[in-house]
Amino acid sequence: TKGNYRHFMLKEIFEQPITIGQTLATFMDEFGKPANGFEDIDFSKYKRLFIVACGTAYYAGAVAKYWFEQVAGIPVEIDIASEFRYRQPILDKDCLFVAISQSGETADTLAALRYAKAHNVGTLALVNVTTSTMAREADIFLPINAGPEIGVASTKAFTSQLAALACFALAMSEHTSFKDKETIMRFTKALTELPDTVSETLRLDAQIEKLCLGLSSAKSVFYLGRDMNFPIALEAALKLKEISYIHAEGYAAGELKHGPIALIEPGTPVIVLAAQDPLFDKTVSNLREVSARGAKVYLITDKAGAKIASEMAEEVIILPECESFVSPLIVTIAIQLMAYHTAVHLGTDVDQPRNLAKSVTVE
Ligand code: M6R
């Protein structure tokens with residue numbers, strides 16, 4: 001049931017401190033080390049990962065690419081399942097195929113998994129529904145344990161996919177010794193603290209709800225981010241269009257001048273996802289560019305970022321401090337609430353948006 005919540009989506013957004021905790025408990029041992037569930041993976045065998053998924057699950061994979069490369073030093077290719085399955089990708093023995101899916105039944109992702117199996121490549125499925133076809137057919141099955149997700153727009157499954165992938169990347173880093181132990185310990189600690197950090201982020205709900213009144217009259221909304229916030233910008237745009245039917249696009253902030261800036265006119269909402277990190281200044285210069293063209297900038301940042309860039313933004317959402325390693329999960333909470341409240345302001349059917357199904361079992 002929805003309990004006291006108006007929609008399943010809102011309930012599932014607010015469940016995330018618990019569901020992320022469940023995911024972490026699945027993969028972390030009693031010492032808080034991400035070690036459980038990865039025993040069947042012969043890490044020494046794999047030199048490359050191939051992540052394949054659709055929609056929101058694909059964006060989880062796109063964030064994970066940064067993690068695997070940055071902490072485990074392992075190259076990652078990522079593809080949309082409907083592209084992968086038809087373009088004859090080159091797979092070899094030292095490559096591990098990773099399918100990500102909430103339902104475990106998405107037709108294109110399943111076909112991609114079968115393609116990998118048919119090419120004798122090791123397969124792993126990161127799935128929520130434990131009784132699903134992908135969970136059964138992959139060589140290795142990692143359950144994310146987010147519990148049933150009812151809202152068509154994926155929320156808690158996404159953050160659990162991310163939490164599971166972060167554990168996976170850290171487990172892999174143990175074997176590659178790519179990153180120093182101290183950094184890995186810091187990242188691991190930040191992961192274990194995530195349920196609390198997410199709870200803290202959820203307290204921004206009222207502020208975000210209010211700010212969405214302004215967004216709901218927009219014709220078009222842009223999300224900008226760099227590094228791991230780039231795939232989160234894509235996820236943010238997907239979430240908004242899915243349930244509010246407002247046209248939205250996510251862009252890598254650095255791509256702005258290669259075309260999309262032509263679309264910015266006075267009043268266009270641009271949502272900038274940028275915590276204070278080594279790339280912050282670069283994103284701020286993009287922020288300045290859109291603001292100079294009259295864009296209405298909403299800045300999602302942390303305290304340090306707000307200090308530097310608040311003046312250029314119409315509204316600032318200040319997220320709790322956290323390690324940049326886990327920051328995509330925290331930014332996600334804010335963009336989920338934004339999509340939700342904008343849709344509610346517009347009166348759409350949030351849990352059952354038009355033309356969409358929870359599980360896409362036909363291609
Ligand atoms: O069940 P899956 O994770 O394989 O589903 C993939 C996509 O269909 C799904 O994430 C879709 O994009 C959601 N509606 C996003 O909110």
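Start at 1 and go down the list; that is how both ligands and their atoms are numbered.
Ligand 1 has no atom lying under 4.0 Å from any heavy atom of Ser359. At least one heavy atom of Val152 sits less than 4.0 Å from an atom of ligand 1. By the 4.0 Å heavy-atom criterion, Glu105 is excluded from the residues contacting ligand 1.
In this structure, Phe50 and Val98 have side chains that are not in contact, with every pair of non-hydrogen atoms separated by 4.5 Å or more.
Distances between N or O atoms of Gln102 and those of ligand 1 include at least one value under 3.5 Å. Remark: ligand 1 and Gln161 share no N or O pair separated by less than 3.5 Å (distance only, no angle test). When only interatomic distances are considered, the shortest N/O to N/O separation between Lys358 and ligand 1 does not fall below 3.5 Å.
Distances below 4.0 Å separate heavy atoms of Gly55 from the following atoms of ligand 1: 12 (O). Listed by number with element, the atoms of ligand 1 under 4.0 Å from a non-hydrogen atom of Ala57 are 3 (O), 10 (O). Which parts of ligand 1 touch Ala153 is read off a 4.0 Å heavy-atom cut-off, strictly below it: atoms 16 (O). The distance from ligand 1 to the heavy atoms of Ser103 drops below 4.0 Å at these ligand atoms: 1 (O), 2 (P), 4 (O). Taking every heavy atom of Lys239 and a limit of under 4.0 angstrom, the matching atoms of ligand 1 come to 15 (C), 16 (O). Listed by atom number, the atoms of ligand 1 under 4.0 Å from Ser154 heavy atoms are 15 (C), 16 (O).
The salt bridge (Lys or Arg N to Asp or Glu O under 4.0 Å) test applied to Glu69 returns Lys65, not counting sequence neighbours. With sequence neighbours excluded, the residues that form a side chain to side chain contact (heavy atoms under 4.5 Å, CB included) with Ser359 are Ser103, Glu105, Thr361.
The single protein non-hydrogen atom nearest to atom 15 (C) of ligand 1 is Thr56 OG1, 3.0 Å, given as residue, atom name and distance. At the top of the distance list for atom 14 (N) of ligand 1, counting protein heavy atoms only, stands Glu242 OE2, 2.4 Å. Looking from atom 8 (O) of ligand 1 to the surrounding protein, the closest heavy atom is Val360 CG2, 4.0 Å. For atom 5 (O) of ligand 1, the nearest protein heavy atom (residue, atom name, distance) is Thr106 OG1, 3.5 Å. In terms of protein heavy atoms, atom 6 (C) of ligand 1 is closest to Cys54 O, 3.3 Å.
The CZ atom of Phe230 lies 13.0 Å from the CD atom of Glu235; values are rounded to the nearest 0.5 Å. To the nearest 0.5 angstrom, Ile150 atom CD1 is 5.5 Å from Phe8 atom CZ. For the atom pair Leu240 CG and Cys212 SG, the distance stands at 8.5 Å (nearest 0.5 Å).
Geometrically, Arg186 does not engage Phe325 in a cation-pi contact, judged by NZ or CZ lying under 6.0 Å from the ring centre and within 45° of the ring axis.
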### Task
Apply the test side chain to side chain donor-acceptor pair (under 3.5 Å) to residues Thr155 and Gln16: give CA-CA distance (whole Å), side-chain angles for both, the deciding distance (0.1 Å), then the verdict.
CA-CA 8 Å; Thr155 53; Gln16 291 175 109; 5.0 Å; no
### Query
Is there a salt bridge (charged side-chain N to carboxylate O under 4.0 Å, His left out) between Glu249 and Lys241 once you walk through the steps?
CA-CA 9 Å; Glu249 293 199 45; Lys241 51 190 143 186; over 6 Å; no
### Query
Can Leu337 and His341 be said to form a side chain to side chain contact (heavy atoms under 4.5 Å, CB included), step by step?
CA-CA 6 Å; Leu337 287 169; His341 289 300; 4.2 Å; yes
### Query
Should Val127 and Gln102 be marked as a side chain to side chain contact (heavy atoms under 4.5 Å, CB included) after you check the CA-CA gap, both sets of side-chain angles, and the distance that decides it?
CA-CA 5 Å; Val127 167; Gln102 189 286 128; over 6 Å; no
